[in-house]
Amino acid sequence: MIQLHSGSHTHLILALLSVVGEFPYRSLNLLGSEEVFKKLVRRLLDKQIIRHTETGRTVYAKLLNVSGKGQYKTIRLHSEAVPVLEWLGYADYYMENYYERKFQSDISHVERNHRVAEAMAMFLKIGLEICPYLLPTLAEELTRKHFSEPTVYPAKIIKTSGTTELNKTTFTRMVAAVFTHDECYAVYNTRSAAMKWSGMGEFKSKQNLIEIARMNGSINDVNSAILFGASGDTAIETLKTSNKTGRLEYRFDGTYNHVYFIELNANGVRHLRLFLLHRWKERLLELLFKDQTRSFNNGHFEYDAYVDGAYVLSHFDGDIARLIRFKEAIEHYGYPNEVLCFPHQVKYVKNYLGSHFTIKVIDIETIEKKFGIGKDKNESK
């Protein structure tokens with residue numbers, strides 16, 4: 001018997017699949033212990049007695065299907081799961097978006113769906129509501145309101161809001177958009193390969209997102225993107241190879257001045273959780289440096305502080321676009337330097353910067369304690 005209750009592993013899987021439709025089998029580690037979730041998926045492939053602990057309702061049903069092979073092996077809901085979705089309030093959205101529509105089995109569609117699913121799983125793990133029908137409807141006229149708490153919308157919702165003309169013509173690899181108290185982030189997922197960047201399409205998509213941000217959150221501009229991926233090296237390669245048109249504004253780091261890389265694993269979940277905090281990047285700089293040493297973005301290149309004769313960059317936010325610009329400036333001027341980062345960032349930072357840069361590490365636990373954040377005991381690398 002499967003005991004279904006709010007916060008259970010089964011509930012998490014059902015909530016996620018009702019929103020994204022399918023989830024990559026190889027990415028179950030994003031939900032928690034890979035061993036535990038694989039065992040649960042195998043159980044849910046067979047008929048089980050499912051008991052809803054809050055209502056006492058039971059049903060004998062198969063909840064999941066698994067199809068495909070290798071990296072394209074995918075998990076979807078079985079038709080017998082619909083009554084269970086009704087118990088949880090997820091059925092209407094799932095029925096409207098997936099139930100009577102056949103999933104495209106070609107690689108490009110599966111890949112796209114998996115990129116969206118992994119990103120939404122990351123947001124689900126940090127406690128954000130991902131079900132569109134439970135989120136405030138995006139306004140199409142100026143409201144001058146602020147999001148009272150961080151909110152994430154899947155890309156399909158963003159594409160059906162804002163300027164209708166753009167929605168009909170724009171191709172985008174954006175998988176979601178996140179609105180915090182005072183900032184909007186476009187969200188992308190490069191997974192384990194450098195992402196192909198559609199410069200003009202992404203530029204138009206950004207303009208649409210700016211319009212939505214202004215109407216719904218009083219956010220005047222969108223200059224930031226979150227880039228999920230398995231490897232920082234791959235994320236940097238995505239930025240470096242995105243300028244196929246030769247026009248800066250169509251490059252990834254031309255479209256978004258700040259590109260925050262987040263690993264697709266438990267370290268990434270902890271890292272992403274920091275982005276929910278109001279002014280966390282500025283508050284961290286206040287903790288790290290005395291005011292008289294800080295640049296306050298007034299230097300002749302980008303750095304955060306000048307300490308003991310060295311130019312210092314804080315890379316705790318994972319801003320790889322800024323890391324690239326810092327490297328270019330230091331190599332041009334030949335200045336002494338330091339780059340601060342978390343342990344899980346060290347490998348790609350070293351690989352990219354090389355031996356002429358000094359790297360100093362601070363544990364993420366130290367930063368979490370400063371901000372009063374505890375690690376989720378259920379998280380697993």
**Item:** Short side-chain to backbone donor-acceptor contact, Asp363 and Thr366, under 3.5 Å
**Value:** no
**Request:** Determine, using ring centers only, whether Trp197 and Tyr188 are less than 6.0 Å apart.
**Result:** yes
**Item:** is_close_aromatic(Phe275, Phe123), centroid dist under 6.0 Å
**Value:** no
**Remaining members of hydrophobic cluster (4.5 Å side-chain criterion), Phe296** = none
**Prompt:** In terms of ring plane angle, is the pair Tyr98 and Tyr94 parallel, tilted or perpendicular, where the classes change at 30° and 60°?
**Reply:** tilted
**Message:** For His5, is the NE2 atom crowded, meaning more than 12 foreign heavy atoms sit under 6.0 Å from it?
**Reply:** yes
**Prompt:** At their closest point, which heavy atom of Val19 faces which heavy atom of Pro154, and how far apart are they?
**Reply:** CG1-CG, 4.5 Å
**Complete:** One should read off an interatomic distance between Asn113 CG and Glu118 CD, to the nearest 0.5 angstrom, of 11.5 Å
**Message:** If we count only N and O atoms by modelled type, under 3.5 Å, do the side chains of Thr74 and Glu22 hold a donor and an acceptor together?
**Reply:** yes
**Request:** Please tell me if the side chains of Lys38 and Tyr25 come closer than 4.5 Å, counting only heavy atoms from C-beta onward.
**Result:** yes
**Complete:** Correct closest heavy-atom pair for Ile130 and Leu124 would be CG2-N, 4.0 Å
**Item:** For Thr151 against Tyr153, the heavy-atom pair lying closest together
**Value:** CG2-CE1, 3.5 Å
**Item:** Heavy-atom side-chain proximity of Ile226 to Leu272 below 4.5 angstrom
**Value:** yes
**Asked** Short question: side chain of Arg294, backbone of Ala305 - any donor-acceptor pair under 3.5 Å?
**Response** no
**Request:** With sequence neighbours excluded, give me every side-chain hydrogen bond (donor to acceptor under 3.5 Å, both in side chains) pair touching residues 78-89.
**Result:** Lys47-Glu80
**Asked** Can you check whether His315 and Phe261 have ring centres sitting under 6.0 Å from each other?
**Response** no
Can you give each donor-acceptor pair under 3.5 Å made by side-chain atoms of residues 57-73, sequence neighbours left out, with the distance rounded to 0.1 Å?
| from | atom 1 | to | atom 2 | distance (Å) |
| --- | --- | --- | --- | --- |
| Lys62 | NZ | Asn65 | OD1 | 3.2 |

**Asked** Just how far is it from atom CD1 of Ile236 to atom OG1 of Thr241, taken to the nearest 0.5 Å?
**Response** 11.5 Å
**Asked** Shared ILVMFWY cluster between Ile49 and Val41, side chains joined below 4.5 angstrom?
**Response** no
**Prompt:** Of the non-hydrogen atoms in Phe23 and Ala121, which two are nearest, and what is the gap between them?
**Reply:** CE1-CB, 3.7 Å
**Asked** Can you tell if the side chain of His344 reaches within under 4.5 Å of the side chain of His271, non-hydrogen atoms only?
**Response** yes
**Message:** Please check this pair: side chain of Gln3 against backbone of Thr53, looking for a donor-acceptor N/O pair closer than 3.5 Å.
**Reply:** no
**Item:** Minimum side-chain heavy-atom gap Leu77-Leu85 below 4.5 Å
**Value:** yes
**Request:** Examine Tyr311 together with Phe301 and report whether their ring centres are nearer than 6.0 Å.
**Result:** yes
**Prompt:** Looking only at heavy atoms, which two atoms of Met122 and Asn265 are closest? And how far apart?
**Reply:** CE-O, 3.9 Å
**Asked** How far does OH of Tyr303 sit from CG of Asn298, to the nearest 0.5 angstrom?
**Response** 8.5 Å
**Prompt:** Are any non-hydrogen side-chain atoms of Glu365 and Arg270 less than 4.5 angstrom apart?
**Reply:** yes
**Message:** Can you confirm whether Gln48 sits close enough to Arg43 that some side-chain heavy atom of one is under 4.5 Å from a side-chain heavy atom of the other?
**Reply:** yes
**Item:** Val36: side chain to side chain contact (heavy atoms under 4.5 Å, CB included) partners, not counting sequence neighbours
**Value:** His9, Ser33
**Request:** Would you list the pairs meeting salt bridge (Lys or Arg N to Asp or Glu O under 4.0 Å) in which at least one residue belongs to residues 222-233, sequence neighbours left out?
**Result:** none
**Message:** Check Lys370 with Glu286, please: is the shortest side-chain N to carboxylate O separation under 4.0 Å?
**Reply:** no
**Item:** Side-chain donor/acceptor of Gln345 to backbone N/O of Phe342, under 3.5 Å
**Value:** yes
**Request:** Verify, without hydrogens or angle tests, whether Ser8 (side chain) and Leu4 (backbone) share a donor-acceptor contact under 3.5 angstrom.
**Result:** no
**Prompt:** Does Ile362 belong to the same Ile/Leu/Val/Met/Phe/Trp/Tyr cluster as Phe371, with side-chain heavy atoms less than 4.5 Å apart forming each link?
**Reply:** yes
**pair Leu30-Leu264: side-chain heavy atoms closer than 4.5 Å** = yes
**Linked, directly or transitively: Phe228 and Ile364 (ILVMFWY side chains, under 4.5 Å)** = yes
**Request:** Without swapping roles, check the side chain of Ser314 against the backbone of Val312 for a donor-acceptor pair under 3.5 Å.
**Result:** no
**Asked** Backbone N or O of Arg173 within a donor-acceptor pair of the Glu202 side chain at under 3.5 Å?
**Response** yes
**Request:** Determine, stepwise, if the pair Leu128 / Leu276 fulfils side chain to side chain contact (heavy atoms under 4.5 Å, CB included).
**Result:** CA-CA 9 Å; Leu128 292 193; Leu276 303 187; 4.1 Å; yes
**Message:** Leu239 vs Leu227, test: side chain to side chain contact (heavy atoms under 4.5 Å, CB included). Steps then yes/no.
**Reply:** CA-CA 10 Å; Leu239 264 67; Leu227 179 62; 4.2 Å; yes
**Request:** Would you check if there is a donor-acceptor pair between the side chains of Thr234 and Thr190 at a distance under 3.5 Å?
**Result:** no
**Request:** Say whether Leu12 and Val116 are linked into one hydrophobic cluster, either directly or through other cluster members, by side-chain heavy-atom distances under 4.5 angstrom.
**Result:** yes
**Message:** Within the 4.5 Å heavy-atom criterion, are Phe37 and Asn29 side-chain neighbours or not?
**Reply:** no
**Message:** Is there a path of hydrophobic side-chain contacts, each under 4.5 Å between heavy atoms, that joins Leu14 and Met95?
**Reply:** yes
**Prompt:** How far apart are the closest heavy atoms of Ile219 and Cys184, and which atoms are they?
**Reply:** CD1-N, 3.9 Å
**Message:** Atom CG of residue position Asp308 - does it have more than 12 heavy atoms of other residues, nucleotides or ligands inside 6.0 Å?
**Reply:** no
Donor-acceptor list for residues 318-329 side chains, cut-off 3.5 Å, not counting sequence neighbours:
| from | atom 1 | to | atom 2 | distance (Å) |
| --- | --- | --- | --- | --- |
| Asp319 | OD1 | Val259 | N | 3.1 |
| Asp319 | OD1 | Ala321 | N | 3.3 |
| Asp319 | OD1 | Arg322 | N | 3.1 |
| Asp319 | OD2 | His258 | ND1 | 2.7 |
| Arg322 | NE | Glu302 | OE1 | 3.2 |
| Arg322 | NH1 | Asp304 | OD1 | 3.3 |
| Arg322 | NH1 | Asp304 | OD2 | 3.2 |
| Arg322 | NH2 | Asp304 | OD1 | 2.9 |
| Arg325 | NE | Glu302 | OE2 | 2.3 |
| Arg325 | NH1 | Asn257 | O | 3.1 |
| Arg325 | NH1 | Asn257 | OD1 | 3.4 |
| Arg325 | NH2 | Asn257 | O | 3.0 |
| Arg325 | NH2 | Glu302 | OE1 | 3.4 |
| Arg325 | NH2 | Glu302 | OE2 | 3.3 |
| Lys327 | NZ | Tyr352 | O | 2.7 |

**Message:** As a quick check of understanding, evaluate side chain to side chain contact (heavy atoms under 4.5 Å, CB included) for Thr172 and Asn208, giving each step before the final call.
**Reply:** CA-CA 11 Å; Thr172 176; Asn208 198 42; over 6 Å; no
**Asked** Between the side chain of Thr293 and the main-chain N/O of Val307, is any donor-acceptor distance below 3.5 Å?
**Response** no
**Asked** So, the side chain of Asp221 versus the backbone of Asn223: is there a donor-acceptor pair under 3.5 Å, distance only?
**Response** no
**Prompt:** Taking Glu129 for the side chain and Cys131 for the main chain, is one N or O donor matched with an acceptor at less than 3.5 Å?
**Reply:** yes
**Request:** Show your reasoning for whether side chain to side chain contact (heavy atoms under 4.5 Å, CB included) applies to His11 and Tyr90.
**Result:** CA-CA 11 Å; His11 182 257; Tyr90 302 149; 3.1 Å; yes
